[in-house]
Amino acid sequence: TCTFSPNAIIDDGCVSYATLDRLNVKVKPAIDELVQTTDFFSHYRLNLFNKKCPFWNDEDGMCGNIACAVETLDNEEDIPEIWRAHELSKLEGPRAKHPGKQEQRQNPERPLQGELGEDVGESCVVEYDDECDDRDYCVWDDEGATSKGDYISLLRNPERFTGYGGQSAKQVWDAIYSENCFKKSSFPKSADLGVSHRPTEAAALDFKQVLDTAGRQAQLEQQRQSNPNIPFVANTGYEVDDECLEKRVFYRVVSGMHASISVHLCWDFLNQSTGEWQPNLDCYESRLHKFPDRISNLYFNYALVTRAIAKLGPYVLSPQYTFCTGDPLQDQETRDKIAAVTKHAASVPQIFDESVMFVNGEGPSLKEDFRNRFRNISRVMDCVGCDKCRLWGKIQTSGYGTALKILFEFNEGQKPPPLKRTELVALFNTYARLSSSVAAVGRFRAMIDMRDKMA
Ligand code: FAD
């Protein structure tokens, strides 16, 4: 009964920041181990350089700082075996080719796109053609057969301060938040502002109303605890507000992703006078500490992705997912490291209740809209004028897209959700990013406490 519903603010008496902080103490070493020591999860392949921004001319917005650059792996021998095997798997031969989408649709005997069929001799995590599946929340063209893409070591290209900013970054964030204007929005401001380029401040203002309502709700809850006669309706959260649940969740995911990126750039900041990479407390205070809603949205995302990973847990360990190392020992090691992460993610009660979404009111009709808007965000990532920011922006958008797909397109008890390798890698790396953001927020808070005590 005490789950962290998508309605809830974190400190609602059920799942608190402290609960998630405690969980993260266990999760962080396990997820770091997975993404830092396995070839499978520490490399990503995507088309980072050859795609134009589909929404505006972005030529003036390119970041020339060295910190914005991404180092790609250009020599075959630098690419881990498993990723080379991916290339091999595209060759026709004894391995079965996945049938194209069209063929699958026409032939009901064939499995749906992306699912492994009985007669498919595919030994790796599902690889299918580069078209989107109807259930995808992201544009999956990065690993497409038509554009080869680049191999990137994520360890050699950490997400951190790059100096990217100004009008280009602002335009991207504005465009991302503008996706929050659902067609049937009941937000008074959305209709006036239109779909494109809705100013971020306006979105923040709208959200402030939501938070104010949440504050009232929290007060009510406190009163209810001292007076049990006050009725409490589970999962109503901010329902007194006129904005529907799905739209609030959409906003929180985007704002939580933005907050996580800000935490990383403040934590791994370049002190330009000493040349040292170090935490920058002023950066944290001005971008995050003064905005509790942003921190709340970061924890919200942590809870959401934790739930997705816990839900995926039993399936990702099934023999249907393999890791293409060609070496059973390495395969088993990767599997064990995933198991350590999923075990912790599942060790808390279900902390995010996705079952209340897309069910009531206009909810069911919003699902496709929700998915399309998320896909648009993944397209907007091609407009980010800093290679490294684009790399991590794409990985994290894909990670959230995969988490949403697991939460909303897959019911427990079914066959494993068909996931591509890039989806799995993005999901676990996004979890790792969130985990280090949550840890960094704790350390920044401790720095503030210490400073205030000494003052
Ligand atoms: P911005 O962070 O650009 O924010 C713009 C406006 O959005 C703010 O004025 C505020 O009104 C609102 N806002 C800010 N945070 C939130 C939130 N959490 N929720 C709701 N509203 C909010 N820079 C790096 O140094 N390293 C990176 O890895 C990096 N990755 C990026 C990835 C993407 C996809 C993008 C678009 C930008 C990235 N940047 C990165 C740039 C960085 O995010 C900032 O845009 C830049 O540092 C300028 O910051 P700012 O203070 O002007 O505010």
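Both counts, for ligands and for their atoms, begin at 1 and track the order of listing.
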(message) Side chain, backbone, both or neither: which applies to K170 and ligand 1 if a contact is any heavy-atom pair less than 4.0 Å apart?
(response) neither
(request) Kindly indicate, with the supporting measurements, whether the criterion side-chain contact (heavy atoms from CB on, under 4.5 Å) is fulfilled by F410 and L312. (result) CA-CA 9 Å; F410 158 69; L312 180 69; 5.7 Å; no
(message) For the residue pair R248 and F300, would you count it as a cation-pi contact if the rule is NZ or CZ under 6.0 angstrom from the ring centre and within 45 degrees of the ring axis?
(response) no
(request) Check the side chains of H258 and R294 for a donor-acceptor pair under 3.5 angstrom, ignoring hydrogens and angles. (result) no
(message) At less than 4.0 angstrom from any non-hydrogen atom of V172, what atoms of ligand 1 do you find?
(response) 36 (C)
(message) Out of R390, R287, E159, who is nearest to atom 51 (O) of ligand 1 when you count heavy atoms only?
(response) R287
(request) Report the relative orientation of the aromatic rings in Y251 and Y177; use parallel for angles under 30°, tilted for 30 to 60°, perpendicular for over 60°. (result) tilted
(request) Check each atom of ligand 1 against the heavy atoms of F161 and keep those under 4.0 Å away; list them by number with element. (result) 25 (O)
(request) Could you list which atoms of ligand 1 come closer than 4.0 Å to a heavy atom of A259? (result) 18 (N)
(message) At less than 4.0 angstrom from any non-hydrogen atom of A169, what atoms of ligand 1 do you find?
(response) 45 (O)
(request) Using a 4.0 Å heavy-atom cut-off, say whether Y177 meets ligand 1 through its side chain, its backbone, both or neither. (result) side chain
(message) For T430, give me all partners under side-chain hydrogen bond (donor to acceptor under 3.5 Å, both in side chains), at least two apart in sequence or on another chain.
(response) none
(message) Given R294, R160, Q171, identify the one with the heavy atom nearest to atom 22 (C) of ligand 1.
(response) R294
(message) Taking side chain to side chain contact (heavy atoms under 4.5 Å, CB included) as the criterion, tell me which of L288, N24, D21, L298 meets it with V441.
(response) L298
(request) Number the atoms of ligand 1 from 1 as they appear, then name those within less than 4.0 Å of a heavy atom of G163, with their elements. (result) 25 (O)
(message) Assess, by modelled atom type and distance only, whether the side chains of R373 and N376 contain a donor and an acceptor separated by less than 3.5 Å.
(response) no
(request) Please could you name the atoms of ligand 1 that T162 approaches to less than 4.0 Å, counting only its heavy atoms? (result) 23 (N), 24 (C), 25 (O), 26 (N)
(message) Heavy-atom contact check, 4.0 Å cutoff: does Y251 meet ligand 1?
(response) yes
(message) Please list, in number order, the atoms of ligand 1 under 4.0 Å from a heavy atom of V384.
(response) 34 (C)
(request) Answer with yes or no whether W173 contacts ligand 1, where contact means a heavy atom under 4.0 Å from a ligand atom. (result) yes
(message) I'd like to know whether CD of E368 has more than 12 heavy-atom contacts from other residues, nucleotides or ligands below 6.0 angstrom.
(response) no
(message) Show me which atoms of ligand 1 lie under 4.0 Å from any heavy atom of M381.
(response) 34 (C)
(request) Using a strict cut-off of less than 4.0 Å between a Lys/Arg side-chain nitrogen and an Asp/Glu carboxylate oxygen, indicate whether K453 and D449 qualify as a salt bridge. (result) no
